[in-house]
Amino acid sequence: MTPQLTTLDRVQASLGRRRRKERLLRASGLLAILFAFAMLGALFLSLISTGHSAFVQTHATLEVYVDPDEIREDRLPRGGFDEVLVAALGRALDGVALDERSTRRRVGAILSNGAQFQLRDRVAADPSLIGQTITLTVPVSDPYDQLNKGAIDPDTPEANRRLDDDQIAMFTQLQAAGLISTPLNWGLLVNADSRFPELAGLKGALIGSAWALIVCFLISFPLGIGAAIYLEELAPRNRFSTLIEVNINNLAAVPSVVYGLLALSVFIGWFGLPRSAPLVGGMTLALMTMPTIIIATRAALKAVPASIREAALGLGASRQQVVFGHVLPLAMPGILTGTIIGLAQALGETAPLLLIGMNAFITSAPDGPLSSATALPTQIFIWADSPERGFASRTSAAILVLLGFLITMNAVAVFLRNKLERKW
Amino acid sequence: MLDSMAPAPDMRATAAPRAPKIDARGVNVHYGETQALHDVSIAIPDRSVTAFIGPSGCGKSTFLRCFNRMNDTIPSCRVSGGITLEGEDIFDPRIDPVQLRARVGMVFQKPNPFSKSIFDNVAYGPRIHGLAQGRDELADIVETALRKAALWDEVKDRLTAPGTGLSGGQQQRLCIARAIATRPEVLLMDEPCSALDPIATAQIEELIAELSSRFSIVIVTHSMQQAARVSHRTAFFHLGHMVELGDTDAVFTNPRDPRTEAYITGRIG
């Protein structure tokens, strides 16, 4: 006969196995988190390593003689600004004869195409500068910017470089003269898009995204909360409301490109709204954000304890008074969190905006929700598609700007949730 | 009515006037397919305490919630039969549940103050019903209600503090103050002491005894001792039926139904 095992013995025997399983669970959880963090770290590392150079821009500082022969006050804003800049470069460079037209063009190509417009704007604003010598700091063109940032290696064979030995020699001479500087690239934020990477910035995309988000919020927040309150608090529970509920959950899972197609045919096709407009973009994003807001709001409303509803109802409050006086304020932190996360998703959404034309090449910032614009993600898409070397780092920089906005929005959501949360 | 002709058996029952405050006839309640309450009839006298006792799930809370139509808020719940408040049918389509609940206040099992100040908690009912003309009158109503609920002395210096910061017993008295601030005619109490300690329970019971001189009170309780202590009349519920109804002393000392006897002697529960 086997000896009788007491309960204690049996529990004792199983303890080791149970502890092992618990350790395994803990370890696998930790591993998963480490993996996620490593991936996130790799993403940021690669973005920063390629994008950091776009946050500075190589500039050249020149003493420019505003030659009255080239620039005449009565013909402003026309004039030979490019010739004046080439002459200024020629004075800074020893041993470069500017007689030949091809040489002049090679020298002029050191500076960005936008340099002459900067000079033009300055002189047009103050015509008394004509005949004087002024100090002007202008961006250099993309190849020289890359050379200065080390992306073009002078040791590679001449045939494989974008700049030949003479061009590098010219630039080295300017560097030696102390005329080259690399200040912070504010142009990345305050310039609109451009064909030239050294001039391209995110202003148009930022304003376009802001308009689109405002429109998206104004449409999706009230409609989403209204729908959620109706479904959660007022609607009778029957087959019809179940059908609506299932469909809203399905809408949240519809691929965003489908919303883009819908917007293209309905908003632009039927309503005749303008193409590439942030208004249409915001309306499209609102379609996508609304299910998210409805689901988050319903969850927040559900989480309000029944005792609060009963207390108010028992005192004779009407349904509307219960909802607006008690349930909604208690649900607000959850609703706001859901809304901000929905808006953050909308901010990063690309596909539907491509379909309504918000990926157009637009060199001025929009002056309203109806004028053509790009948005941050579509601007990233455009730049990632561009062949110039300068756009590679700018793409990464733009992604970092976008991620910065997303992280800020999520931080605001966390802050609001902690701040508004009330205990009961 | 029948009750009015019955001779008063003891001192407490003499407080009850002739016409019933609430008269329920043949009330049935269904939750979906399940019937929770079978053909219950009861007359609740004015200015007295009526206790509903019985084991868990016997339908006593469900019945209580019929009196202010709180069961309307449960989608699957169907109530049939007739209930009158002062002779008026409360299920009449012309009766707004909002108006009914202003006349029939309710205190719940778990103290459920709003996350507002003590003052705003009590002032909520008078505010939504527009009972006060100005700020002074509202303050008067709040003070009176808090005094009646025996809470005034404890909170008069911190009326702006959140109601949720009070102790459990104080919270429940705050809820009573909130319920009586609208000057209801009937006060329904659904196990008001089940979440409280013995001292807080004693305070609430004292309060019930005092309030019964002004209101008609219906209290659901698990505790037979409590029913015996506070009520004038007791109804015993079992499995959805009202098994016995009578003066409290009679029900506890001389139950007519064997099930009542089994329950109060602790053999079913």
Side-chain angles (χ1 to χ4, degrees), chain A residues 227-246 297-337 416-424, chain B residues 32 61 64-65 67-76 96-116 120-131 145 162-165 171-172 174-184 187-190 195:
Chain A
I229 288 176
Y230 178 74
L231 287 175
E232 196 57 42
E233 303 284 334
L234 304 173
R237 295 268 179 275
N238 55 26
R239 217 168 272 176
F240 183 64
S241 61
T242 316
L243 188 76
I244 292 179
E245 197 174 330
V246 169
T297 305
R298 291 191 67 184
L301 291 175
K302 250 191 205 109
V304 174
S307 66
I308 297 291
R309 285 191 183 85
E310 291 204 315
L313 281 174
L315 285 169
S318 65
R319 273 268 160 211
Q320 176 266 332
Q321 283 170 325
V322 173
V323 170
F324 285 95
H326 299 280
V327 179
L328 210 52
L330 288 172
M332 227 6 146
I335 296 174
L336 286 181
T337 311
L416 281 178
R417 188 171 49 206
N418 291 340
K419 173 132 179 134
L420 293 178
E421 199 158 55
R422 283 199 279 180
K423 302 273 172 270
W424 54 78
Chain B
S61 288
L64 186 77
R65 292 163 61 95
F67 295 153
N68 65 346
R69 289 178 59 181
M70 278 302 271
N71 286 329
D72 289 12
T73 60
I74 303 167
S76 65
D96 191 330
V98 165
Q99 193 192 11
L100 175 68
R101 288 174 196 146
R103 295 173 67 190
V104 183
M106 189 161 194
V107 176
F108 296 85
Q109 181 172 359
K110 200 179 139 232
N112 53 1
F114 302 131
S115 56
K116 300 171 184 273
D120 287 341
N121 259 284
V122 182
Y124 183 74
R127 270 191 186 133
I128 58 170
H129 295 303
L131 299 183
T164 41
Q171 285 191 12
Q172 194 61 303
L174 178 63
C175 292
I176 293 174
R178 186 176 66 186
I180 61 183
T182 54
R183 301 195 194 112
L187 193 57
L188 309 175
M189 303 179 113
D190 190 357

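Within every chain, numbering begins at 1; the chains are lettered A, B, ... in the order of the sequence lines, protein sequences first and strands thereafter.
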A:R319/B:T73 under side chain to side chain contact (heavy atoms under 4.5 Å, CB included): CA gap, chis, key distance, verdict: CA-CA 10 Å; A:R319 273 268 160 211; B:T73 60; 3.8 Å; yes

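Shortest non-hydrogen contact noted between B:R65 and A:E310 is NH1-OE2, 2.8 Å. Shown here for A:S307 and B:K110, the closest heavy-atom pair between the two residues is OG-NZ, 4.1 Å. The minimum heavy-atom distance between A:G316 and B:V98, with the atom names listed, is O-CG1, 3.0 Å.
Note that CZ of A:R309 is 12.5 Å distant from CG of B:N112, once rounded to the nearest 0.5 Å.
The 12-atom threshold is exceeded at CZ of B:R103, counting heavy atoms of other residues, nucleotides or ligands nearer than 6.0 Å.
When heavy atoms are compared at a cutoff of 4.5 Å, B:V107 does not approach chain A at all.
With sequence neighbours left out, B:F114 forms a ring pair (Phe, Tyr, Trp, His ring centres under 6.0 Å) with A:H326, B:Y124.
Of the residues B:M106, B:R101, B:R127, B:R178, the one that meets the side-chain contact (heavy atoms from CB on, under 4.5 Å) test with A:L315 is B:R178.
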